[in-house]
2 protein chains.
Amino acid sequence: MRPTLKDVARHSGLSIATIDRVVNQRPGVRQKTVERVQSAMATLGYIRDVTAADLARREVYRFVFVIHDGPNSFMQQLAVEIETLRQFSANNRLEIDLYRVPPFDGAALARLLNRLDPATCSGVAVIAADGVAVRDALVRLKALGLPVVTLVSDVPAFPRDAYVGIDNVAAGRTAGRLMGRFLGGRNGKIALVAGSMLVRDHVERRMGFEQVIAETRGLDCLPVLESRDDSRIVQRMLRDCLSSHPDIVGIYNMGAGNRGLIETLSAVPPTERPQVIVHELSEHSRHALSEGIVDAIIHQDAGHEVRSALRVLKAKIDKIPLLQGQEQIRIEIYLNENLPAAPA
Amino acid sequence: MRPTLKDVARHSGLSIATIDRVVNQRPGVRQKTVERVQSAMATLGYIRDVTAADLARREVYRFVFVIHDGPNSFMQQLAVEIETLRQFSANNRLEIDLYRVPPFDGAALARLLNRLDPATCSGVAVIAADGVAVRDALVRLKALGLPVVTLVSDVPAFPRDAYVGIDNVAAGRTAGRLMGRFLGGRNGKIALVAGSMLVRDHVERRMGFEQVIAETRGLDCLPVLESRDDSRIVQRMLRDCLSSHPDIVGIYNMGAGNRGLIETLSAVPPTERPQVIVHELSEHSRHALSEGIVDAIIHQDAGHEVRSALRVLKAKIDKIPLLQGQEQIRIEIYLNENLPAAPA
DNA sequence: CTGAAAGCGCTTACAG
DNA sequence: CTGAAAGCGCTTACAG
C-alpha cells in the first residue's frame, strides 16, 4: 500500500497535522522538525493524494473563460467545448463561466477582466489582445494572485502563467510549405486574406507564410486583404482580387470568414481554381475540402485547448506538475482523407 | 453548493446508505423507495462525486499495458509514455504494469494475456494481433469481466471494449493523397515498404494508399517490400528496388525501419530523390524530414494513446461517461514546419 | 429492506 | 511550535 500521512506521522513520531504542514509548506514548523518529516517521507516514499486533499479542502474551482462573440465558427467551437467541459466537470467541484467580448476590442476585454476578483473566480483563460488596457487588467489579476492563461492568442510580454495555443508563425510556415508543395513549381501570385493586421496571430501567420514563400521560386504574395473576419467582406475582396490578378495560383486565408471564400470560389470553374489553404476546421471548411474547393485546412483543436487551459489553471492552484506532452497544442493539417469523424 | 448524499437523504427522509444503494444501482431496495430517492435526486440535481467515491472505495486500479519489444522507436515512445503516466499517476491510486512481447507473435501475446486475472489486474490495454490464440485469450478476459482496450492495432472482430488508435485505412489514404499532391502530375512508380502483409495495420494502410494512388493518373505502386520492420532489411530491399526501377518517384514506408530507408536515400543525390512519406515521428524521421530526405511523416501521438487507453479503462470500471472528442486519436501530418518541439 | 457508524487520505480550525 | 478532533462526500461491513 502507498504510505499516507498517518504512516509518515507514525514513522516520525509526530502528528498528522505537523506532517500536513510540512507537506504543504505551511509556516510554523521548526527546521529540525521539518527535516525529521522530510526524512520520513523520503524513506517511506510518501506521495500526497491530491484528490483526497481536494475533498478535504472542499475548494470549488471557479474558472472564467473569455472568448470572442460574433459568428466566427472557431469561437463557436470553443464555446461548445467549454460548455461540454462545464457539464462534464460538474462532478469535480469545478465551475466554469463563459464570457464573450467583441473581437478587436481590447477596451471591452479589459473592462470584463477588471470586474474579476478572487471572491468569485479562481482562474482565468482569456483570448489575449495587445493594448495597454488589457495589459493593465492582466497586471491587476496577477497582483490579486489569480492564475491566468492566454488561450488561442497570446501576448508574450504581458503577465500570464502560460499560453495555451499554437505557434502561429509555425502555422503560417506550415501553410506556406504546403502551398509550395501543392503548387509544385508553378509560377504566380498568392492572395492573402486576414482578419486584421493589427492582431498578433494573423500577423504571425502571415510572417511565417511569407518567410516560406519568399524562399520558393516563382511565387509571390499579394498585399494582405483585411476582412475583419467578415465573410461578406472576404467574398467581395477576394472576388475583386481574383478578377484584377488573373495570375493568382494560390489563396491563403489566415483568418475567419471561410464562407465568403467558398462562395467566391464556387463561382470559379474547377479547372481554373487556385490552391486554397485555410485555417480552422468547421462545417463549411470541411465541406469545401471534400468538394475540392479547399486543398488543406490548418487546424487547432478547440476541445484540447479548453481542456488544457483548465488543467494548467488547476495545476497552478494545486501546485502540482503537468504532463508536458499533454499540454502541447498541435498544428494540425487536414486533407480530405484524415478528417476526424464529423460531430453528430 | 452542490447537493450531496446527505442532502438527498434529508430531502427524501431516508438514510445515506439507502441513497448510496440507489445511486450505485445496488440491489436490495424496494421499488417504491428507489422512486422516492430518484425524485429527490432529480429535484436537487444530485451529481455523484466520483473522486470521493474513489477515495472511500480505496480501490487501486491496476492496469496492464502490453506492447511490442524490439528496437521499433514507436514502441519505445509508447514505453516512455507509459512510464511517464505511471509516475504521474502514482498519486491517484493507480498502478501500471508494462509488458513487452515480440511483434508478429500471437502465441507469446496470448500466453501473457492468459496469465492475467482480476486478482492482480483491473484492466488491459493491448496491441492486438490476429489469430485464434489471441482471440481466445480475449474471450477469457471478457469472461473474467476485465475491461480490455486494443491499442494502436485493433482486431474489430475480437471482444474488446474499445479501440484506441488511428484508422489505418484513412492513414494510408492520407499518405496516398499527400504523395499525389507532392508529385503534382509527375509519372512513375511508387515503392511500398511494410513490416508484414500478415499484420492488419500495414494491410490497411496499404489498401488506403493504393486506393488513392489508383485514382491518380500516371502513378503505380510496386509490390510491397516486406521488411519485418527491420532497418537492415529495409535498407537492402529498398536499395535493390531503386536500382532495378529507375522510374521510382515515390516511396511510402507504412511500417518501421525508417533508419534503413534513410541510409539508403542518403546515398542518392538530392536532385534525384523520390518523394518519401513515412510513418511515426522519431528522432530519425524528424532529422530526415529536416534534411529533406523525408517529405512528410504520418504520425499518431503515443502519449495521447496511452492516456486515452487509461481513461477509457477507468471510465469502464467507474461506469462514467467519456468526453468523446478527447478520445479520438488523430492522424497527424508533419512537415518540417509544424514539428512539435523535440523532447528534451 | 433500511440505517448507524467507521473509515478512505487529507485539511481546517481550535487548544495547548 | 505541535497535536487532537471534526469533517469533506462517499462506501463498506454490520445490525436490525
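Atom CZ in A:R57 sits about 14 Å away from atom P in D:dG9, given to the nearest Å. Summarising the geometry, the separation between CZ on A:R21 and P on C:dC14 is reported as 14 Å, rounded to the nearest angstrom. Rounded to an integer number of Å, the gap from CG of B:D7 to C1' of D:dG9 is 10 Å. Residue A:I47 contributes atom CD1, which lies 10 Å from atom P of C:dC10 at whole-angstrom precision. Rounded to an integer number of Å, the gap from CD1 of B:I19 to P of C:dA4 is 12 Å. When rounded to the nearest whole Å, the span between CD1 of B:I16 and P of D:dA15 equals 20 Å. Straight-line distance from the CG atom of B:L5 to the C1' atom of C:dA4: 15 Å, rounded to whole Å. We find that CG of B:D49 is positioned 16 Å from P of C:dC10, with the value rounded to whole Å.
When distances run from any side-chain atom of B:A56 to the nucleotides C:dT2, C:dC10, C:dG7, the shortest one goes to C:dG7. Of the candidate nucleotides D:dC10, D:dG3, C:dC10, D:dC10 has the atom nearest to the side chain of B:A52. Nearest to the side chain of B:T33, among C:dT12, C:dC8, C:dC1, sits C:dC1. Checking D:dA13, C:dT12, C:dC1 against every side-chain atom of B:R30, the shortest atom distance belongs to C:dC1.
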(request) Using Watson-Crick or G-U wobble pairs with both distances under 3.5 Å, give me DNA chain D in dot-bracket, 5' to 3', with [ ] for crossers and | for pairs to another strand. (result) |||.||||||||.|||
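Residue contacts for A:D54: at a heavy-atom cut-off of 4.0 Å it reaches no nucleic acid atom on any strand shown. Across all strands shown, A:R36 has no heavy atoms under 4.0 Å from either base or sugar-phosphate atoms. Within 4.0 Å (heavy atoms only), A:A17 reaches at least one base atom of the nucleic acid.
Mapping B:L55 and B:V29 onto DNA chain C by nearest heavy atom places B:V29 closer to the 5' end of the strand.
Of all the heavy atoms in B:L78 and B:A302, the pair that sits closest is CD2-CB, 3.7 Å. The minimum heavy-atom distance between A:Y46 and A:P3, with the atom names listed, is CD1-O, 3.6 Å.
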Can you list, pair by pair, the side-chain donor-acceptor contacts under 3.5 Å of residues 140-152 of chain B, counting residues two or more places apart and other chains?
residue, atom, partner, partner atom, Å
B:R140, NH1, B:L113, O, 3.1
B:R140, NH1, B:N114, O, 3.4
B:R140, NH1, B:L116, O, 3.1
B:R140, NH2, B:N114, O, 3.1
B:R140, NH2, B:L116, O, 2.7
B:T150, OG1, B:D154, OD1, 2.7
B:T150, OG1, B:A162, O, 3.4

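The phosphate of D:dT2 has neither OP1 nor OP2 within less than 4.0 Å of any side-chain N or O from A:S15.
Although no hydrogens or angles enter the test, the distance criterion places a donor-acceptor pair under 3.5 Å between the side chain of A:H304 and the main chain of A:Q326. In this structure, the side chain of A:D301 engages the main chain of A:G303 through a donor-acceptor pair within 3.5 Å.
Side chain to side chain, A:D318 and A:Y61 meet the donor-acceptor criterion of an N or O pair below 3.5 Å.
By the 4.0 Å N-to-carboxylate-O rule, A:E35 lies too far from A:K32 to be salt-bridged with it.
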